[in-house]
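What follows is a single structure, written as structure tokens, with notes after it.
These numbers come from a predicted model, not from an experiment. First listed ligand is number 1; within each ligand, the first listed atom is number 1.
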Amino acid sequence: MEIDADLFRLDGKVALVTGGSRGIGKAICLGLATFGADVGILGISSATADTVREIERRGRRALFVPTDVSRIDEVRAGVAEVERVLGGIDILVNNAGVGVVTPAEAVTEEEWHQVMGVNLRGLFFTSQAVGQSMIRRGRGGRIINIASIFGIVGSELGASVYHASKGAVVNLTRALACEWAKHGILVNSIGPGFIVTDMTAAIHEQPRLEELLTRRHALGRFGRPEEIVGAVIFMASAASTFVTGENLFVDGGYTAW
Ligand code: NAP
């Protein structure tokens, strides 16, 4: 039996990441490039140019296409542009996400649409656009959805819409895995615990809340964006050819108790 020492390499692959300007998405972009992939990025902020530079410094090609993933027309155009410049997409990482903190009894329709528009509709239609192309090319592919621990547990934090969106992502992952298995497209999700990024920055200004949430992780700390990278490389590479429809928690043990 041969075990390939390059099991995790991604040389010659083209990856697409949504939301690569900062936080977890930026770490994922740099991780994919480090393991050999060229990387296209759909996002809004011009700060993404910095991620592009860091990818190129690693000797890989990179392309940023300004795109609001909640706008389906922009997503379709962005996917087409990445394929035109970098070639057919082998790996999609749906990372872009937003949250609002509002008690459930006060959530507005606008907040609902904002969170669902990025976290669920954007993720679905980006997957559809890339999935159509993967099916046409007939070479399979990988789709990796960044879900959350909040996709399977609740909280008292006023994040009900976010919980709903991430719960939907976890089960949408299973549905797409079942539908697209016949095309060789493997679809998995990752459920991060609390990670130190802009999204969680406000927590650090509330010492009692920070301590409460820190203690909910068995490892007794928040994670770092780069700690998500290993799971992404696993799901993107030949290391996971028999894994689909799975949700892998990278949560310091938050969901272990
Ligand atoms: P972050 O630092 O707030 O970054 C959010 C990213 O999403 C940015 O790159 C942003 O791009 C992109 N984005 C937001 N709205 C977008 C839109 N309409 N179109 C395109 N891109 C958009 O958040 P993060 O903590 O890195 O979160 C990344 C993912 O991990 C999200 O799906 C989040 O739900 C998930 N997650 C985070 C945590 C955590 O504790 N941090 C835990 C579990 C899951 P621009 O800057 O270009 O707008």
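Counted by atom type alone, Asn188 and Thr173 present zero donor-acceptor pairs between their side chains at under 3.5 Å. A side-chain donor-acceptor contact under 3.5 Å links Glu111 and Thr102. Looking only at atom types and distance, the side chain of Ser165 has a donor-acceptor partner in the side chain of Asn119 under 3.5 Å away.
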Note every protein N or O atom lying under 3.5 Å from an N or O atom of ligand 1, pairing the names and giving the distance.
residue  : atom   : partner : partner atom : Å
ligand 1 : 3 (O)  : Arg22   : NH1          : 3.2
ligand 1 : 7 (O)  : Gly97   : N            : 3.4
ligand 1 : 9 (O)  : Gly19   : O            : 3.3
ligand 1 : 9 (O)  : Ser21   : OG           : 2.9
ligand 1 : 18 (N) : Asp68   : OD1          : 2.8
ligand 1 : 19 (N) : Val69   : N            : 2.9
ligand 1 : 25 (O) : Thr197  : OG1          : 2.5
ligand 1 : 26 (O) : Ile24   : N            : 2.8
ligand 1 : 32 (O) : Asn95   : O            : 2.7
ligand 1 : 32 (O) : Lys166  : NZ           : 2.9
ligand 1 : 34 (O) : Tyr162  : OH           : 2.6
ligand 1 : 34 (O) : Lys166  : NZ           : 3.0
ligand 1 : 40 (O) : Ile195  : N            : 2.8
ligand 1 : 40 (O) : Ile195  : O            : 3.4
ligand 1 : 41 (N) : Ile195  : O            : 3.3
ligand 1 : 41 (N) : Thr197  : OG1          : 3.1
ligand 1 : 46 (O) : Ser21   : OG           : 2.6
ligand 1 : 46 (O) : Arg22   : NE           : 3.1
ligand 1 : 46 (O) : Arg22   : NH2          : 3.3
ligand 1 : 47 (O) : Ile44   : N            : 2.8
ligand 1 : 47 (O) : Ser45   : N            : 2.6

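Under a 4.0 Å N-O distance rule, the pair Glu54/Lys26 qualifies as a salt bridge. Under the 4.0 Å criterion applied to side-chain N and carboxylate O atoms, Glu211 and Arg208 are not assigned as salt-bridge partners.
With hydrogens and angles ignored, the 3.5 Å screen pairs a side-chain donor or acceptor of Ser155 with a backbone N or O of Leu157.
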